Amino acid sequence: MSDKKLDTVRHSMSHVMAEAVLQLFPDAKIAIGPAIENGFYYDFDLPRPLKEEDLAEIEERMKKIIAAKTDFVCKIVSREEALKLFEGQDYKIELIKNLPEGEQISVYTQGIFTDLCRGPHVKNTSELNPQAFKLLSVAGAYWRGDENRPMLQRIYATAWENPKELRLYLQHLEEMEKRDHRKLGKELDLFSLHEEAGPGLVYWHPKGARIRIAIENFWRDEHVKNGYEMVFTPHVGKSWLWETSGHLDFYNAGMYPPMVMDNANYYAKPMNCPFHIMIYNNRKRSYRELPCRWAELGTVYRYEKSGVLHGLMRVRGFTQDDAHIICTPQQMEDEVLTVLRFSLYMLKNFGFTEISAYLSTKPEKSVGDDEKWEAATVSLKKAIEAENLPYEIDEGGGAFYGPKIDLKIKDAMGRAWQLSTVQFDFNEPERFKMVYVDQDGKEKQPYMIHRALLGSIERFFGVLIEHYAGAFPVWLSPVQAIVIPVAPAFDDYAKKVEKALREKMIRVESDLSDQRMNAKIRNAQNEKIPYMIVCGEKEAETNSVSIRLRTGQQMNGFPLAEAISFIEDKIVKKEVI
RNA sequence: GCCCUUGUAGCUCAGUCGGUAGAGCACCUCCAUGGUAAGGAGGGGGUCACCGGUUCAAGUCCGGUCGAGGGCUCCA
């Protein structure tokens, strides 16, 4: 079945669902019910909130409606007829009134249900498979997405061509649940959040911290190789900074409220840029020192609304892998291309190979002259094309201060995540009066580029957990190897093996607990430790080890030295296992 | 922020009709000395999120607060 046909099926299903709901609640007011990715929804204004049991009831009624094999009949009506037809259906009336003058109005009827609809639909409900859909959840949704309008009840459902596809999709949902970083974060003891200590603020446990350190070490090394300097800046700053940057005007609601001290307001930083600019403006700069590439793992705080907080993916305190590139107009193009390449290199090293770009251009309200916008946008586009990246252009979707490229990766479950961002800023150089002295002795305004490759470390960590389902590549694994003696008699040999691995900077532990080795294997397996190094009589006698991979594969009788270089090699090559 | 759902031991959860707290895992102690996903026995651990109401009696019913989950919206 083509995607288009499937959409038609899903949309037709939503009409069937609306009919079922109307059977149950004759007074229901109906809103809209489109096909969406993997299914459809319909919004209703109902006399009471829906319960889980209602969904089962609605499903049953839908099956009966489908079994009745009724036609979908399309009819063209005049505006007046339409208004009369939907009398009392306030939402439909509003939709009709908003239709542009002269637009053809069509309604679709199946059974007793008529809906204002552009179509298309299947010809007959017999084309819908009663075994291939499932109502999933009820959620609140504002009419027309406007928080000042009434909150409607939205029923989400999934629908497929046949029961097999439905089953596959439901399995997919289950798998996503298993991979949920909040669940794995708890199970693997990686991080926690504490309501009583502040929502949206992340606590990194020792094992999570090990992973973060591995990420940050790699990140720092690569930045040094790519010509960046590291800087460190404060976590708070007086209102002068944010008045100057404009954040207090534009971004006030997103900032933590200030602390008052010595008659001044100090704000937790929501961005690092003004601080980097302070360093730049600290003295006069020559064109000879540009480009400046200053990087910082800068922790910022933003007052996100409580309802949007979500595990590590959406938090109130997070660390951006931030850098600012300050350069001349002549350097801009090279810098943009280099940043993009660097970004792709980093993402690929973490195992993300499917990457696409989004170029956002000048919005209606913007600062900075058109010439600069044009030059910057061209440089971004050239860079994307030079790297042969698939990309889309979001016309007018840029921030008011400059055009940008966002990179999205696809994870192992096929979900897209926006990670890297490269943004021009024409606002702050102006506001902070940033200049450099050019060859001709005149002061000129530099270009400033903000960029984050991983985005936020917290969010990136969340994406990594879900991408690998907690079974991290060896170089990131909190425990890379665990030594398991088969019996206490071999504890000494196990300790010797552990020491040998630790000396090579391998993150190793040994399990000398009083459990049976079967239990130790099981625990290590549940912890998703890549290498379980089993030591018993045979190994102790020959100075060797037996390795069990977390995949279940076994490599027995490995001479110790060889086993170590085997693991070291996996780490260096950043292999998954 | 709004709508719905939800909150019982560190974790996962049970708790009937309102009668005063349970299991498994984890933890501690002891026994068991073991070859690739759970050896056995015993023990400690809870103001049932919080505040108030109804009742002779509230984990259970009602109201509120806070948090969490699913959405909506927002993310200059």
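Naming: A, B, ... by sequence-line order, numbering from 1 per chain. Predicted, not measured: the structure shown is a model, and the values here were computed from it.
For the residue pair A/His450 and A/Gln423, no side-chain donor N or O sits within less than 3.5 Å of a side-chain acceptor on the partner. Inspection of the A/Tyr156 and A/Arg154 side chains reveals an N or O donor paired with an N or O acceptor under 3.5 Å. Side-chain atoms of A/Gln554 and A/Ser546 include no donor-acceptor pair closer than 3.5 Å. Using modelled atom types, one finds no donor on one side chain facing an acceptor on the other under 3.5 Å when comparing A/Asp43 with A/Trp143. Neither side chain, A/Tyr267 nor A/Asn252, offers a donor N or O lying under 3.5 Å from an acceptor on the other. Of the N and O atoms on the side chains of A/Lys496 and A/Asn543, at least one donor lies less than 3.5 Å from an acceptor on the other residue. A/Gln525 and A/Lys520 share no side-chain donor-acceptor pair at under 3.5 Å. A donor atom on one side chain and an acceptor atom on the other are found under 3.5 Å apart for A/Asp406 and A/Thr421. Side chain to side chain, A/Asn427 and A/Arg431 meet the donor-acceptor criterion of an N or O pair below 3.5 Å.
Between the side chain of A/Glu539 and the base of B/G35 there is at least one donor-acceptor pair of N/O atoms closer than 3.5 Å. At a cut-off of 3.5 angstrom, the base of B/G71 holds no donor-acceptor pair with the side chain of A/Tyr41.
Across B/A9 and B/G15, the matching C1' atoms stand 14 Å from one another, rounded to whole Å. Distance check on atom C1': B/G19 versus B/C61 gives 15 Å, rounded to whole Å.
Within the nucleic acid shown, A/Ala519 comes within 4.0 Å of sugar-phosphate atoms alone, with no base atom in reach, counting heavy atoms only. Counting non-hydrogen atoms under 4.0 angstrom, A/Gly145 reaches the backbone sugars and phosphates but no base. Here A/Pro199 lies in heavy-atom contact (under 4.0 Å) with sugar-phosphate atoms only. No contact: A/Lys520 has no heavy atom under 4.0 Å from any strand. Among the protein residues, A/Asn526 comes within range of the nucleic acid bases, having at least one heavy atom under 4.0 Å from a base atom. Within the nucleic acid shown, A/His247 comes within 4.0 Å of at least one base atom, counting heavy atoms only. Within the 4.0 angstrom heavy-atom criterion, no nucleotide atom of any strand lies near A/Asp425. Among the heavy atoms of the strands lying under 4.0 Å from A/Arg516 is at least one base atom, whether or not backbone atoms are also near.
In this model, the phosphate group of B/C72 is approached by a side-chain N or O of A/Tyr156 to a distance below 4.0 Å at OP1 or OP2. Proximity of A/Arg548 to the phosphate of B/A37: a side-chain N or O atom is located under 4.0 Å from OP1 or OP2. In this model, the phosphate group of B/C72 is not approached by any side-chain N or O of A/Lys305 to a distance below 4.0 Å at OP1 or OP2. The shortest distance between the side-chain N/O atoms of A/His194 and the OP1/OP2 oxygens of B/G67 is not below 4.0 Å. OP1 or OP2 of B/G70 lies within a sub-4.0 Å distance of a side-chain N or O belonging to A/Arg182.
One interatomic measurement links the two molecules: CD of A/Glu187 to P of B/C11, which rounds to 13 Å at whole-angstrom precision. In this structure, CD of A/Glu428 is placed 13 Å from P of B/A76, rounded to the nearest angstrom. Between A/Gln515 atom CD and B/G40 atom P the separation is 12 Å, expressed in whole Å. Rounding to whole angstrom units, CZ of residue A/Arg144 and C1' of B/C74 are separated by 19 Å. In this structure, CD1 of A/Ile529 is placed 13 Å from C1' of B/A37, rounded to the nearest angstrom. Rounded to an integer number of Å, the gap from CD of A/Glu537 to C1' of B/U33 is 13 Å.
Comparing A/Met271 and A/Met151, the nucleotide of RNA chain B nearest to each residue sits closer to the 5' end for A/Met151.
Of the residues in residues 447-469 of chain A, not one places a heavy atom less than 4.0 Å from an atom of RNA chain B.
For A/Arg522, the listed nucleotide lying nearest its side chain is B/A37; candidates were B/G39, B/G35, B/A37. Of the listed nucleotides (B/A76, B/A32, B/A37), B/A32 has the atom at the smallest distance from the side chain of A/Asp514.
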